[in-house]
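Just below is one structure, and these are the notes that go with it.
Below, chain A is the first sequence line, B the second, and so on; all start at residue 1. All values reported here derive from a predicted model rather than from experimental measurement.
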Amino acid sequence: MITLTLPDGASRTFDAPLSGAALAAAISKSLAKKAIALVLDGAVVDLATQIEHDAQVAIVTPDTPEGLAVLRHDCAHILAEAVQELFPDTQVTIGPVIDDGFYYDFAREVPFSLDDFEAIENRMRAIVDRDEEIVREIWARDKAVAHFKEIGEHYKAEIIASIPEGEDVSIYRQGDWQDLCRGPHLPSTGKLGKAFKLTKLAGAYWRGDSNNEVLQRIYGTCWASDKELQAYLTMIEEAEARDHRKIGREMDLFHLQEEAQGSVFWHDKGYIIWQALEQYIRRRLQAADYQEVKTPQILDMRFWQQSGHWDKFRENMFVVPDEVPSIEEEAHVITGKADLMALKPMNCPAHVQIFKQGIKSYRDLPIRMAEFGCCHRNEPHGALHGLMRVRQMTQDDAHIFCREDQIIEEAVEFCHLVQLVYKDMGFDDVMVKLALRPETRAGSDEVWDRAEERLRSALQSAGLEWEELDDEGAFYGPKIEYHLRDAIGRTWQCATLQLDFVMPERLDATYIGEDGNKHRPVMLHRAVLGSVERFIGILIENYVGRFPLWLAPEQVVICPITSEADSYGEEVLTACKQAGLRARLDVRNEKINYKVREHSHAKVPVILAVGMREAEAKSVSVRRLGVKEQSVQALTEVVTALQTEATPPDLRG
RNA sequence: GCUGCCGUAGCUCAGAGGUAGAGCACUCCCUUGGUAAGGGAGAGGCCGAGAGUUCGAUUCUCUCCGGCAGCACCA
């Protein structure tokens, strides 16, 4: 007798052990048809799994997250089967499920091309039509290693060989094709359906290590129905239209050009956003008792040697020889013999220098030292990405020098500040991560234990949920990271707080404690926006260029309907400007339709149309971006209302 | 940096072994129009750079540069 409890709390008893498939059939015919896997006491397993004893069970269907994951995993397998049928010289490696789909890494001499996708997809559909039964087999590890070696699947053999000796491995067989896999899988290939599409082709290192050979990765997406597949493809297409590089060009915010790779040319409109943001965050910092400083851009190599950057970070630094370039035709411009200086990649060592001027008392702490520091980092070319990853960036950086007993309070305060700012920016999809000790690190395990625990309690006190990342911390300490999403779902680290016991030591920063002795301060490296460039990139994508009034580069455009109303337009413009609004008058010889269309495309939040009727009544016809309706209101009222709306969030009553 | 793809007017994109085309934008003219394109004319290109194949290359081949996607990197 076996008693099985279903998700709705109901239970059923069976005389003998039975498979998931039999269970589904016992519940209903339609469920049996839709069933693709089984949840047995919380674990997703094959539908064919025998249920031997009392358990919590659920039948997995494609319309659940678990079901979709199984589907995508099978889609990866079917991709691999199709590829090996079409290209027998290909070795398989791994093929995991990812957000919205899956990928499979292949090893093959000849590169795949996008043109191959059609043939591969066709073969995948044929495999679905064949409806091959998918069977799980348990093999001894050594036998599996030998087998995969023998059939020339060296990567698979390597994976299996890394499984502990003596353990059995599971092999899934579908038709003539087989793969090492933990599972679970569909009962047969026919259950996959055809709502899949191969999307991207890219290189990827074997085992994620750039010292290893490059494999060819094929990405795909897979859904329970064609409708969902179509919806996903449409969503991706629309998301691409939100790309900040595209919107930045359309709205004339900034540009990039190859003579300054990774450095941004900010146009006037983009720089208005920058300034509004900088002034806003500066006020927030002032309110939180930060002091603002400015430190040198170029410092001698010896300085970076002392800070440890020369050792740990040199590859990412721009180096400048301290000599006068030769103007002789024949001579080398630079001798290569001069002392070296470097553009600062970070502000922290310079801030320590300010801290070290004079003698600091424990009474002075915490010192919160902020700088809108322009830093240069020599990023790999392949890493550069619009505003998101640049080589010259400005951080809303600050270093908090404090005593150990002040760490938690400072960290909690910081988390509150981030939450406040991100709320003002309208971000609701923020991911918080805690990056823990990396393999190569400075400081004892005891120090790290303490540091990590402190950040955990700070996150807890701030009421946040977070994910912990092993091995991702800075060499000098663990860090809290706030990640934001871009238009197509990629995440970018923005705010960060890093706990550092090392730098004060290296640069010999001290304060006089209550006991009259010298002590090391702790440093908290922190940024709220992160890099201003990246943050604006995220803002553009999140707002799709339709900024709230306080950030909009152009807030108001005044459009006379006939040239007779031009002089009244001037009057409206003056009123707007006097109220501090960023306004412009469009007196071009164009029809109102045309002007409305153009300024709407330019994402100007407010269009004020004025004709003779408005001129006589001292009113304006207000049209808000994205709203078809207009309303005619008194000029003075409109200006006052817009003025209120354009007030930055921290200055509102 | 690695793998793949791409590079034609300011933008979006056609094109073909015989030195280029559209729409939008731009300039000028006509039009004074009431809320997402009024009409006409004009100007605009070393077809990413270099080398090779060819009678001839923007088109084919190679190298480089840049862009895009992913990987690695992101202290």
Original post:
When the nearest nucleotide of RNA chain B is assigned to A:Glu472 and to A:Asp209 on a heavy-atom basis, which residue is associated with the more 5' position?
Top reply: A:Asp209
Original post:
Across all strands, who's sitting opposite B:C5 as a Watson-Crick or G-U wobble pair, both distances under 3.5 Å?
Top reply: B:G67
Subject >> Short N-O contact, A:Arg207 and A:Glu213, less than 4.0 angstrom >> reply: no
**OP:** Determine: side-chain N/O of A:Arg391 to OP1/OP2 of B:C74, distance under 4.0 Å, yes or no.
**Re:** no
Original post:
Which residue, A:Asp470, A:Asp449, A:Asp471, forms the side chain to side chain donor-acceptor pair (under 3.5 Å) with A:Arg437?
Top reply: A:Asp449
Original post:
Roughly, in whole Å, what's the span from CZ in A:Phe117 to P in B:A69?
Top reply: 16 Å
**OP:** Calculate the interatomic distance between A:Arg249 atom CZ and B:G67 atom C1'; express it in whole Å.
**Re:** 11 Å
Original post:
Using purine N1 to pyrimidine N3 plus N6-O4 or O6-N4 for Watson-Crick, or N1-O2 and O6-N3 for G-U wobble, both under 3.5 Å, which nucleotide pairs with B:A41?
Top reply: B:U27
Original post:
For nucleotides 32-44 of chain B, read 5' to 3', which letter fits each nucleotide if B means a protein heavy atom sits under 4.0 Å from the base, S means only the sugar-phosphate is that close, and - means neither?
Top reply: BBBBBBS------
Subject >> A:His599: which of A:Lys595, A:Lys603, A:His601, A:Arg597 passes side-chain contact (heavy atoms from CB on, under 4.5 Å) >> reply: A:Lys595
Exercise answer: donor-acceptor pairs, residues 626-633 of chain A side-chain atoms, under 3.5 Å, sequence neighbours excluded:
unit_1   : atom_1 : unit_2   : atom_2 : d
A:Gln630 : NE2    : A:Lys628 : O      : 3.0
A:Ser631 : OG     : A:Gln633 : NE2    : 2.7

Quick one: which protein N/O atoms are closer than 3.5 Å to N/O atoms of nucleotides 2-8 of chain B? Pair and distance per line, please.
unit_1 : atom_1 : unit_2   : atom_2 : d
B:C2   : O4'    : A:Tyr205 : OH     : 3.3
B:U3   : O2     : A:Gly203 : N      : 3.2

Subject >> A:Lys479 and A:Glu481 ion-paired at < 4.0 Å >> reply: yes
Original post:
To the nearest 0.5 Å, how far apart are OG1 in A:Thr90 and CZ in A:Phe106?
Top reply: 7.0 Å
Subject >> Ion pair check, A:Arg582 and A:Asp268, cut-off under 4.0 Å >> reply: no
Original post:
So, do A:Phe401 and A:His351 have ring centers that fall under 6.0 Å from each other?
Top reply: no
**OP:** Measure distances between side-chain N and O atoms of A:Arg245 and base N and O atoms of B:C68, and say whether any donor-acceptor pair falls under 3.5 Å.
**Re:** no
Original post:
A:His385 side chain N/O closer than 4.0 Å to the phosphate oxygens (OP1, OP2) of B:C74?
Top reply: no
